[in-house]
Amino acid sequence: MAFCDLKPVCVNDENKGFTYIIGSVFAIYGIGSEPPAVYTWDMVRSASVSRKEVTIDAFGRKVTMTKKMFGSDDALLRAIAIIEYHQKEHNFAYQHDLRLFPLKSAYNEVTPGKETYIGEDVLDEGDTAAAFIMLLNYKLIKLLWIVGILIALGVFCALHFIFGVTRSNVLYFIPIAAASGAIIAVLVYLITQAVARAHFKAIADADHAARKSITFVVSRSGFAACESCVYESRDLVPWDEMDYFIESDKMFILYKNNAPAAFIPKRAFDKKLVGGVADIIALNLEQR
């Protein structure tokens with residue numbers, strides 16, 4: 001089982017005087033000689049992870065741990081990986097913010113094999129925002145043409161209704177209508193680009209791994225896009241977990257249920273290896 005050997009995480013709540021252990025069990029240590037409350041993961045009813053806190057409801061006892069209590073980002077990421085590993089095994093309710101990388105519950109313990117490419121990098125904000133914009137452009141380009149044409153026709157009809165079309169003014173009305181359609185289409189384009197960048201920033205702010213070093217693995221058995229401080233070399237996401245991929249000049253975007261599920265930057269690999277990475281992805285997934 002993937003991520004089953006991660007070191008337990010100790011979380012200190014100095015305000016309440018409790019210490020929480022997230023590991024093979026979820027344990028709560030109180031003040032003094034009070035015996036700890038120990039919950040196996042099959043006793044957990046639900047868990048949630050947000051930008052600011054982690055909450056675990058164990059047998060009706062709800063515990064909220066803020067990001068600050070974990071002491072470091074690495075400890076927080078390890079705790080999230082442990083929770084997601086146990087959530088896959090015990091299927092308790094789980095809520096989380098949008099992610100740039102697959103959940104740990106998507107990973108299996110797999111032997112990568114000989115033809116395996118491994119890289120490590122921090123996901124570049126500019127490159128990923130550009131990928132979001134590229135994905136939006138695929139959907140937007142036809143819409144912009146339709147918007148431009150409809151606006152042009154609308155303006156032309158309005159001019160005809162107000163002034164009437166004659167031989168003397170039709171040569172003015174046509175370029176005015178066309179220019180109006182083009183200007184509105186450009187404005188729509190600029191607005192959608194701003195929305196795409198804001199959408200990426202919102203996901204990056206919510207994903208604790210967005211600015212951490214990520215280990216990227218591509219092999220015939222599967223792939224990985226996982227925080228380097230958590231990753232174990234035998235853990236991969238099987239290709240059948242993904243539906244298709246889109247390639248930009250700087251990265252591969254893997255899709256699940258028509259939504260981006262993983263971003264794999266080409267810069268994470270040696271330039272001479274990118275062709276091999278592309279071949280394996282194309283062999284296992286349909287390109288769109």
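Every heavy atom of this structure was used, including side-chain atoms; hydrogens, water molecules and symmetry mates were not.
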Would you give the length of the straight line joining atom [atom1] of [X] to atom [atom2] of [Y], rounded to the nearest 0.5 angstrom?
{"X": "Ser180", "Y": "Leu153", "atom1": "OG", "atom2": "CG", "value": "11.5 Å"}
{"X": "Tyr20", "Y": "Thr64", "atom1": "OH", "atom2": "OG1", "value": "8.5 Å"}
{"X": "Arg234", "Y": "Ser221", "atom1": "CZ", "atom2": "OG", "value": "14.5 Å"}
{"X": "Tyr94", "Y": "Ser46", "atom1": "OH", "atom2": "OG", "value": "11.5 Å"}
{"X": "Phe263", "Y": "Phe101", "atom1": "CZ", "atom2": "CZ", "value": "8.5 Å"}
{"X": "His90", "Y": "Met43", "atom1": "NE2", "atom2": "CE", "value": "11.5 Å"}

What is the minimum heavy-atom distance between [X] and [Y], and which atoms define it?
{"X": "Gly23", "Y": "Pro8", "answer": "CA-CB, 4.0 Å"}
{"X": "Leu236", "Y": "Gly222", "answer": "CD1-N, 4.1 Å"}
{"X": "Ala81", "Y": "Val230", "answer": "CB-CG1, 3.7 Å"}
{"X": "Asn258", "Y": "Tyr255", "answer": "C-CD2, 3.5 Å"}
{"X": "Tyr231", "Y": "Ala224", "answer": "CE1-CB, 3.6 Å"}
{"X": "Ala261", "Y": "Met242", "answer": "CB-SD, 3.8 Å"}

* Structure fact -> Sorted by chain and number, sequence neighbours left out, side chain to side chain contact (heavy atoms under 4.5 Å, CB included) with Tyr29 holds for Thr19, Ile21, Ala27, Pro36

* Could you check Arg45, Met65, Arg61 and say which one makes a side chain to side chain contact (heavy atoms under 4.5 Å, CB included) with Ile56? => Met65

* Under the criterion side chain to side chain contact (heavy atoms under 4.5 Å, CB included), which of Asp97, Leu76, Asp73 is the partner of His208? -> Leu76

* To do: Might you confirm whether atom CZ of Phe59 has over 12 heavy atoms from other residues, nucleotides or ligands at distances under 6.0 Å?
  => no

Any side-chain heavy-atom pair from [X] and [Y] closer than 4.5 angstrom?
{"X": "Leu98", "Y": "Asp207", "value": "no"}
{"X": "Thr215", "Y": "Ile118", "value": "yes"}
{"X": "Asp124", "Y": "Pro265", "value": "no"}
{"X": "Val277", "Y": "Phe216", "value": "no"}
{"X": "Cys226", "Y": "Phe3", "value": "yes"}
{"X": "Glu232", "Y": "Glu109", "value": "no"}
{"X": "Ser219", "Y": "Tyr117", "value": "no"}
{"X": "Val218", "Y": "Phe269", "value": "yes"}

Given 3.5 Å as the limit, does a donor-acceptor pair link the side chain of [X] with the main chain of [Y], or not?
{"X": "Gln87", "Y": "Phe92", "value": "yes"}
{"X": "Asp235", "Y": "Tyr107", "value": "no"}
{"X": "Asn12", "Y": "Glu14", "value": "no"}
{"X": "Arg78", "Y": "Leu6", "value": "no"}
{"X": "Lys256", "Y": "Glu241", "value": "yes"}

* **Full working for side-chain contact (heavy atoms from CB on, under 4.5 Å) between Val63 and Phe18** => CA-CA 10 Å; Val63 175; Phe18 286 103; over 6 Å; no

Would a hydrophobic clustering, with Ile, Leu, Val, Met, Phe, Trp and Tyr connected at side-chain separations under 4.5 Å, put [X] with [Y]?
{"X": "Val110", "Y": "Leu283", "result": "no"}
{"X": "Ile28", "Y": "Val38", "result": "no"}
{"X": "Val217", "Y": "Val122", "result": "no"}
{"X": "Val25", "Y": "Ile83", "result": "no"}

* Asked: Which word best sums up how the rings of Trp239 and Phe223 line up, parallel for under 30°, tilted for 30 to 60°, or perpendicular for over 60°?
  -> tilted

* Fit a plane to each ring of His86 and Trp41, take the angle between them on a 0 to 90° scale, and name the class: parallel (under 30°), tilted (30 to 60°) or perpendicular (over 60°). => parallel

* To do: Could you walk me through whether Ile281 and Leu254 pass the side-chain contact (heavy atoms from CB on, under 4.5 Å) test, one step at a time?
  => CA-CA 9 Å; Ile281 294 175; Leu254 310 187; 4.2 Å; yes

* **Under 3.5 Å side-chain donor-acceptor pair for Asp74 and Ser72** => no

* Asked: Quick one: do the Ser213 and Glu120 side chains pair a donor with an acceptor below 3.5 Å?
  -> yes

* Out of Lys104, Arg211, Lys212, which residue meets the salt bridge (Lys or Arg N to Asp or Glu O under 4.0 Å) rule with Glu227? -> Lys104

* Stepwise side-chain contact (heavy atoms from CB on, under 4.5 Å) check, Met69 with Asn15 -> CA-CA 10 Å; Met69 292 180 191; Asn15 292 329; 5.7 Å; no

